[in-house]
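Below is one structure, written out as structure tokens; comments come after it.
Remember, it's 1-based here, ligands and their atoms both numbered in the order they're listed.
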Amino acid sequence: MDEENRAGAPFCYLDHAATSPLRPEVEETVLRVFREEWGNPSSLHSLGARARRVLEEARAFLQGTLGASRVIFTSGATEANNLAVRGRIQGKRPCRVLALATEHSSVLETLKAMEKEGHRVTLLPVDREGVLRMEELENALGPSVRLLCLLGANNETGTIQPLEKVVPLAREKAPNAWIHVDWVQGYGRSRFDLDSLDVDSASISGHKLGAPQGIGALALRKRDGLQPCLTGGGQEEGARAGTENLPGAAGLAKAAEKAFENAREEWERLEALRRDLLSGLEDRAGETRLNGPREGGLPHILNVSFPGVPGEVLLHHLEKENVYVGTGAACSGKRKGGSHVLAAMGTPPWAAASALRFSLGYTTTPAEIDRILEVLPPILERLRGPGRKG
Ligand code: PMP
């Protein structure tokens, strides 16, 4: 990637929630495993044993970071979410499922498929900041609920759910529910312990924390409880067939190690940068609307609307300045119909249509925040036309 574009503008990447660049230490680990540990972990000879050791070391490390008794490697969080949902209810007697209305599409679309099998899905409403409405949850819970999906940290707005309140209530009112948390955007940023939170499974994804795309995992609190989605050679103790992505698994563990090394300081650093970005935009960008929490959410995600200018138009104008941001979830960026997350939060359509998601990460510097604040206001003024500040 060029550090400067044709106009010589400095490179400014604020789309870490879509994907983070590879960490140098991860690149080193991945290349070493590609070169030196290319055996098949299932082979019975010594090359297989070496590969297996690399795989199990990565697994053990991740288990420790999540308070899990088992980690199943997958191709990413989409597959991990599919494994949690399908592994729990697919082909079983029709049951009730609860999930947040703001869930990632890998959960929502999988639940749609499960509805076709006869399962009844209720999407739980959220408030203006994206936080689950507790009364509605309480009313929906019951013994017929077999699965409760909770997007622990939202990828579009940074909203964090109060799991320490939600999970005990769910355990009390829905004792047969499997509780699954998508922790993709929170992993490596703050402590998340399946055992102490009393959560059954959690999904994580490598490329959100500086590991390669195409590796992720489903972490389990207990060893059993899910049927496999992929069948074949019986890898991952039968939970997910297919030769393991060994460089990816080692890379994911290395990325997690680096992220947890200074997670608290990094949280504070990003929170301060996010705060500067938000107050700078509110000062200089004319009319704005914050979508999501002002404080208390993820430190690296900021979703703001700029009324009067379509988000996608703004994104491409920023790109000409070598500034990269998102309009919402990268995986639905090409899909028509606006953000289901912003709609569920009651965001008016005009505001949702002009939303940008700025997402920060380990490479983000104060200079990048300054750069956004320098280039965005004149672009907005130009696009909004004379006489219109917002
Ligand atoms: N859940 C969340 C919250 C995400 O942000 C993403 C990535 N956009 C996923 C799941 C899917 O992860 P992956 O890209 O590894 O399939």
Do [Y] and [X] meet the salt-bridge criterion of a basic N to acidic O distance under 4.0 Å?
X      : Y      : value
Glu236 : Arg59  : yes
Asp198 : Arg221 : yes
Lys173 : Glu138 : yes

Proximity of Asp182 to ligand 1 by residue part, where a heavy atom lies under 4.0 Å: side chain
Logged contact type for Gln185 with ligand 1, heavy-atom cut-off 4.0 Å, is side chain
Polar proximity ligand 1 side, [X] side, N/O cut 3.5 Å exclusive:
X      : answer
Val184 : no
Glu79  : no
Lys208 : yes

Atoms in ligand 1 with a heavy atom of [X] nearer than 4.0 Å:
X      : answer
Asn155 : 3 (C), 5 (O)
Gly76  : 15 (O)
Leu151 : 3 (C)
His207 : 13 (P), 14 (O), 15 (O)

Gap between atom CG of Leu376 and atom CZ of Phe306 - 0.5 Å precision: 5.0 Å
Value rounded to 0.5 Å, distance of CG in Leu123 from CG in Leu108: 6.0 Å
Looking at Leu356 and Thr327, what are the two nearest heavy atoms and their distance? CD2-CG2, 4.1 Å
Sub-6.0 Å ring centroid separation between Phe260 and Tyr187: yes
